[in-house]
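Notes follow once the structure below has been shown.
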Amino acid sequence: MNFQLPQKFTPPSAIAGVSKDVPILVAFSGGADSTALLYMLATYYKINGGRIYAAHVNHMIRGEEADRDEQFCRSFAESLGVELFVCRCDVPKYARETSQSIETAARQVRYDFFDSVMQEHGIPLLATAHNANDNLETIIFNICRGCGLTGVSGIPLSRPCKHGTVVRPILSMSRAEILDFCRENSLDYVTDSTNTDTDYTRNKIRAQIIPALTEINSSAVENAARLSEALREDSACLESLSDWFFEEMNDDGSFELEKLLGSPSAVTSRAISSLYRAVSGGSTLESVHLSDIRELCRKGIPHSRINLPAGIDARIENSRLYISKHEEAPLPPNDFCVILKDGENFLSEINAKIIIGNSQSNINIYKKSILLYLDSDKICGVLRARNRMAGDKIRINGVNKQLKKLLTDLHIPLSLRYRLPVIVDDNGIVAVPFAAFRDGVESKNEQNCIKLQFNLN
């Protein structure tokens with residue numbers, strides 16, 4: 001192996017920011033790309049020290065041809081002195097069982113296997129043989145699906161995985177340059193017959209679209225690589241700007257609507273996407289959902305919400321955007337109406353109690369307890385506590401105000417609203433804890449009034 005590494009080869013240590021002798025696992029299919037990569041890395045690690053391993057997955061899609069590829073990988077890895085791990089999995093059967101496409105199922109099987117090898121053997125880096133052609137295929141595929149700047153940026157040089165970092169040392173090399181490398185170094189490799197099957201989306205892009213683009217401009221692949229690099233730099237800049245939202249974030253993990261609406265959407269979209277990834281455990285937010293969230297923020301209606309994938313909700317509360325695990329809205333309590341007497345009155349339907357008399361203490365801790373002073377001269381008949389009803393109104397400042405709108409305007413969360421009793425007399429609503437008194441009923445004289453303490457259990 002007496003040769004110079006290609007100029008466009010990027011050392012894994014430079015990509016991941018680690019020492020040159022950090023162990024690495026190479027995803028090895030036996031094709032020209034991964035064969036060239038394993039050969040390069042075997043040389044690199046021979047010079048710099050450190051352990052190199054390879055991993056091959058036999059997807060059992062192509063019968064004897066797949067077995068031939070596996071045997072080639074075993075022989076080639078042995079010739080380089082590289083330890084090879086092999087996984088055999090019936091991917092077509094697995095795809096049927098999991099209702100996935102064969103492409104998706106195969107990818108999941110591969111990366112699950114790579115992750116398990118990395119975890120078991122303490123290998124922090126995984127090298128894949130993605131190249132500049134793959135990058136252009138990805139850009140075209142993402143454009144067809146509908147994507148933002150990240151999608152048009154193509155394949156990144158690295159990304160995190162479950163047990164380390166994925167690096168792509170030959171991402172800048174075109175497929176033609178890789179084939180030239182194999183020829184110059186007399187490297188045999190295998191060819192996957194399914195690569196010519198244009199029923200697969202990426203194969204159609206590879207076989208039909210990219211050749212058409214290179215007819216227009218022979219440097220299309222290289223130009224796309226430069227475009228990706230420039231766009232990744234722009235995207236990284238926007239990501240760093242979006243970090244400001246996390247510095248300003250409340251302890252409850254919410255963003256202030258005014259700041260979201262007053263910032264460029266390119267920045268806020270990234271902040272929202274990052275928050276969604278954190279809450280969902282790594283899921284990606286599609287552009288259509290980002291648009292829905294931005295519209296939710298623009299309207300800013302208290303307690304409004306939308307459902308997102310992975311069981312996540314986006315909702316507006318107290319002029320802030322919350323993104324959190326979906327919780328079912330609390331059910332309204334069963335109808336109840338309790339005549340309030342001196343002492344303790346337990347309201348089982350809302351798990352609360354109302355104390356009438358002199359035993360209360362004037363405390364209001366975590367909004368679980370509140371003391372109300374009612375002017376006894378303004379009470380008509382018997383005091384009662386009941387559940388809220390449709391059409392309830394309370395007279396405030398000479399106007400009969402809808403109770404539902406009042407609670408919304410006061411930003412009282414749904415979880416608390418359903419647990420608030422309505423205190424009434426023969427003339428209608430007297431008071432609602434934490435919300436309002438009827439005109440004239442609140443007493444300013446604590447010595448000559450009805451003392452009512454509401455406690456949530």
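Residues take their numbers from the sequence shown, with the count starting at 1.
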For a quick check under 3.5 Å, do [X] and [Y] share a side-chain donor-acceptor pair by atom type?
X      : Y      : result
Asn135 : Glu137 : no
Arg277 : Ser274 : yes
Thr150 : Ser153 : no
Ser369 : Asn455 : yes
Ser269 : Arg294 : yes

field: is_close_aromatic(His121, Phe85), centroid dist under 6.0 Å
entry: yes
message: Taking the ring centre of each residue, are Phe255 and Tyr322 less than 6.0 Å apart?
response: no
Any salt bridge linking [X] with [Y]? Criterion: basic side-chain nitrogen under 4.0 Å from a carboxylate oxygen.
X      : Y      : answer
Glu229 : Arg232 : no
Arg384 : Asp426 : yes
Lys404 : Asp392 : no
Asp439 : Lys378 : no

When you measure from the side chain of [X] to the backbone N and O of [Y], does any donor-acceptor pair fall under 3.5 Å?
X      : Y      : answer
Asp313 : Arg315 : no
Ser280 : Ser283 : yes
Ser228 : Ala224 : yes
Ser263 : Lys259 : yes
Ser99  : Ala95  : no
Asn345 : Gly343 : yes

Any [X] side-chain heavy atom under 4.5 Å of [Y] side chain:
X      : Y      : value
Ile123 : Tyr53  : yes
Asn58  : Cys89  : no
Asn400 : Ile394 : no
Arg386 : Ile429 : yes
Val430 : Phe437 : no
Arg388 : Leu407 : yes
Thr128 : Tyr111 : yes
Arg395 : Lys401 : no

Nearest non-hydrogen partners of [X] and [Y], listed with the distance:
X      : Y      : value
Ile323 : Ile312 : CG2-CG2, 3.5 Å
Ala16  : Leu125 : CB-CD2, 3.7 Å
Tyr276 : Pro309 : OH-O, 2.8 Å
Pro421 : Val432 : O-CG1, 3.9 Å
Leu374 : Cys449 : O-CB, 3.2 Å
Leu126 : Ala27  : CD1-N, 4.1 Å

Can you measure from [atom1] ([X]) to [atom2] ([Y]) and round to the nearest 0.5 angstrom?
X      : Y      : atom1 : atom2 : value
Leu403 : Met389 : CG    : CE    : 12.0 Å
Asp90  : Glu97  : CG    : CD    : 8.0 Å
Leu37  : Ile170 : CG    : CD1   : 5.0 Å
Asp21  : Ile52  : CG    : CD1   : 13.0 Å
Ile143 : Ile139 : CD1   : CD1   : 7.0 Å
Ile24  : Met118 : CD1   : CE    : 9.0 Å

Run the side chain to side chain contact (heavy atoms under 4.5 Å, CB included) test against [X] and tell me which residues pass, sequence neighbours left out.
X      : value
Ser34  : Phe28, Ser29, Ala129
Asp335 : Asn387
Ile209 : Ile140, Ile205, Leu213
Ser242 : Glu239, Val267, Arg270, Ala271

task: Could you please spell out the steps behind the side chain to side chain donor-acceptor pair (under 3.5 Å) verdict for Glu103 and Ser101?
output: CA-CA 5 Å; Glu103 287 176 288; Ser101 69; 5.0 Å; no
Distance-only donor-acceptor pairs under 3.5 Å for side chains of residues 154-165, two or more places apart:
none

- request: Just do the side-chain contact (heavy atoms from CB on, under 4.5 Å) check on Phe114 and Cys87 with the steps written out, would you?
  value: CA-CA 9 Å; Phe114 300 154; Cys87 169; over 6 Å; no
task: Before giving the answer on side-chain contact (heavy atoms from CB on, under 4.5 Å), spell out for Leu420 and Phe434 the whole-Å C-alpha distance, their side-chain angles and the decisive distance to 0.1 Å.
output: CA-CA 8 Å; Leu420 295 182; Phe434 306 117; 3.5 Å; yes
field: Qualifying residue, where the test is side-chain contact (heavy atoms from CB on, under 4.5 Å) with Val152 and the options are Leu231, Asn142, Thr138
entry: Leu231
message: Is there a salt bridge (Lys or Arg N to Asp or Glu O under 4.0 Å) between Arg175 and Asp134? Walk through the geometry before answering.
response: CA-CA 8 Å; Arg175 186 161 287 128; Asp134 296 322; 2.9 Å; yes
statement: Applied to residues 415-425, the salt bridge (charged side-chain N to carboxylate O under 4.0 Å, His left out) test, sequence neighbours excluded, yields Asp425-Arg438
field: Residues, nucleotides or ligands: over 12 heavy atoms within 6.0 Å of Gln402 CD
entry: yes
- request: Assess whether atom CG of Asn217 is packed by more than 12 heavy atoms of other residues, nucleotides or ligands within 6.0 Å.
  value: yes
task: May I have the step-by-step check of side-chain contact (heavy atoms from CB on, under 4.5 Å) for Leu171 and Thr10, ending in yes or no?
output: CA-CA 8 Å; Leu171 186 60; Thr10 308; over 6 Å; no
field: Working for side-chain contact (heavy atoms from CB on, under 4.5 Å), residues Ser265 and Thr268
entry: CA-CA 5 Å; Ser265 61; Thr268 58; 4.2 Å; yes
